[in-house]
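In each ligand, atom 1 is the first atom listed, and ligand 1 is the first ligand listed. Values below: every heavy atom of this structure, side chains too, minus hydrogens, waters and symmetry copies.
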Amino acid sequence: MGSVWTCCATLCLFLMLLSLVCITDARGGGGGWQPVFFDVTQFGAVADGKTDNSMAFWKAWNEACRWKGKSRILIPRGTYMVNSVIFRGPCQGPMVLLINGTLMAPSDPKLFMSDHWIGFQYVDGLVIKGGGTLDGQGLSAWSYNDCFTNSQCKPLPVTMRFDFVNNARIRHIRSINSKNSHFNIFACNNLNMSHIKISAPEFSPNTDGIHIGSSNNIKIAHSVIGTGDDCISMVSGSQNIDISDVSCGPGHGISIGSLGRSPYEEHVTGITIRNCTLNGTQNGVRIKTWAPSWPSVATDFKFENIVMSKVNNPIIIDQQYCPRPNCDENAQSEVQISNVTFKNIRGSSSSKVAVTLKCSRIVPCENITLVNINLSYDGPGGGPSSSFCSNVRGQTIGTQNPPSCL
Ligand SMILES: *[C@@H]1O[C@H](CO)[C@@H](O)[C@H](O)[C@H]1NC(C)=O
Ligand SMILES: *[C@@H]1O[C@H](CO)[C@@H](O)[C@H](O)[C@H]1NC(C)=O
Ligand SMILES: *[C@@H]1O[C@H](CO)[C@@H](O)[C@H](O)[C@H]1NC(C)=O
Ligand SMILES: *[C@@H]1O[C@H](CO)[C@@H](O)[C@H](O)[C@H]1NC(C)=O
Ligand SMILES: *[C@@H]1O[C@H](CO)[C@@H](O)[C@H](O)[C@H]1NC(C)=O
Ligand SMILES: *[C@@H]1O[C@H](CO)[C@@H](O)[C@H](O)[C@H]1NC(C)=O
Ligand SMILES: *[C@@H]1O[C@H](CO)[C@@H](O)[C@H](O)[C@H]1NC(C)=O
């Protein structure tokens, strides 16, 4: 017993000295203003693809978080097995996480006690970069997903969650084969993502690329996303979201919704989606609300300069969304959709109905504008594309292929 304690104490002392040395070294040349490096391998992390490194990562984060200055946590090249881990703030200074290596999740979903694999909470000032990879090892977990038939299902862990994170930049990171969503952004303000690569197979359930809710000033740019679910989805409380230069496919497209499922949902406003391409996706740009639904407001959306290639529903507003069996077809949504512009949207539809505007009978869509739409039908039998409208008021400007039903 005694020798175990001595050994432990020695190890602790050694680790403390090591981090001290590392801090002193880094401070040496920089007069205190240089960032201080916290290398996870100095906190016991081993890049052998087997050892659970969550404790080492957590220790490195906590040391860095306490440092009153710029901290850089380094995950060097190599493959690190990590169990679920949470990086919590507030921190004493801005945090940078450099992921140069590959993080690998355990494949067994039963090992996860929480809804995430890697989580960041209450951090103000965060940068994540480094060109590294997050490998969610979802393949063996996807068969556990029974959420379509079991309403009590236990959600599988999200690869990376941001909760109450402000002023953050995430770039040059790759995420593959998440068990659930790849990235989840909740209650965040001013968070920018760019040069993100996300991939999971077309058949993988619920593997949304980026899921956003209750967040403000979120920007996503220059990214490539292919998954089994939405490339990007935005739910209640998504406000001032700017998405540009995203290539999406395979997947279910870029979606606002589903909205209206719960009472007192926050409004969804100010979403701009520009310069994106969608290839072979189930939907292109979509707004969906439940029917029946609780009342809420969805307004001020712009979809601009979007190229579709063999997309099943290139432009779709669906206020009759009900993915379960036995839905009431007469139920109506109470989510009021207004001020939506679809502009310069071209390419091909793999179904005949390229434009679907299916709105609510009790709160019809108001001020929907279609400008220069050119979507041809590219599928069996050929022929022209068509559009479908119900309970929608708006106007058209410029080219309309399919002929507009507004
Ligand atoms: C980590 O990767 C970045 C970008 O690829 C590179 O600039 C940096 O030198 C790398 N750092 C280390 C310690 O490997
Ligand atoms: C995110 O991008 C916007 C627009 O370019 C910029 O104003 C803001 O400062 C950026 N935020 C961060 C945290 O870098
Ligand atoms: C979108 O593309 C247009 C034309 O290529 C370009 O002028 C504009 O800067 C782009 N905007 C964004 C936000 O990427
Ligand atoms: C769409 O994806 C298919 C299959 O991955 C690929 O062969 C094709 O070149 C892509 N088309 C465009 C326009 O990017
Ligand atoms: C319709 O929506 C557009 C774009 O969202 C907005 O600029 C315009 O003022 C709206 N018009 C009316 C009459 O509400
Ligand atoms: C739609 O746009 C018009 C004109 O800008 C504005 O007056 C109206 O309040 C907007 N609707 C909503 C629900 O914000
Ligand atoms: C619509 O797109 C087709 C190619 O898909 C092109 O040949 C045609 O010129 C376009 N029409 C307009 C008015 O831009």
Exercise. With a cut-off of 6.0 Å (strictly less than), are more than 12 heavy atoms of other residues, nucleotides or ligands near CZ of Phe203?
Worked result: yes
Exercise. Is there at least one protein heavy-atom neighbour under 4.0 Å from atom 11 (N) of ligand 5?
Worked result: yes
Problem set entry | Distance from atom 2 (O) of ligand 3 to nearest protein heavy atom, with residue and atom | Asn275 ND2, 2.2 Å
Exercise. Out of Val392, Thr341, Asn339, Ile337, which one pairs with Asn367 under the side chain to side chain contact (heavy atoms under 4.5 Å, CB included) rule?
Worked result: Asn339
For this session: Please indicate, with yes or no, if any protein heavy atom is found under 4.0 Å from atom 7 (O) of ligand 3?
Result: no
Exercise. Under 4.0 Å from ligand 5, counting heavy atoms only, is it the side chain of Thr341, its backbone, both or neither?
Worked result: side chain
Exercise. Closest approach of Thr299 and Ser338, non-hydrogen atoms and distance?
Worked result: OG1-OG, 2.9 Å
For this session: Give me the ring orientation class for Tyr122 and Phe164: parallel if the planes are under 30° apart, tilted from 30 to 60°, perpendicular past 60°.
Result: parallel
Problem set entry | atom 3 (C) of ligand 4 [closest protein heavy-atom partner, distance rounded to 0.1 Å] | Asn279 ND2, 3.6 Å
Exercise. Which residue holds the protein heavy atom closest to atom 13 (C) of ligand 5, what is that atom called, and what is the gap in Å?
Worked result: Asn367 ND2, 4.4 Å
Exercise. Using the ring of each side chain (for Trp, its six-membered ring), is Phe120 parallel, tilted or perpendicular to Phe162, with breaks at 30° and 60°?
Worked result: parallel
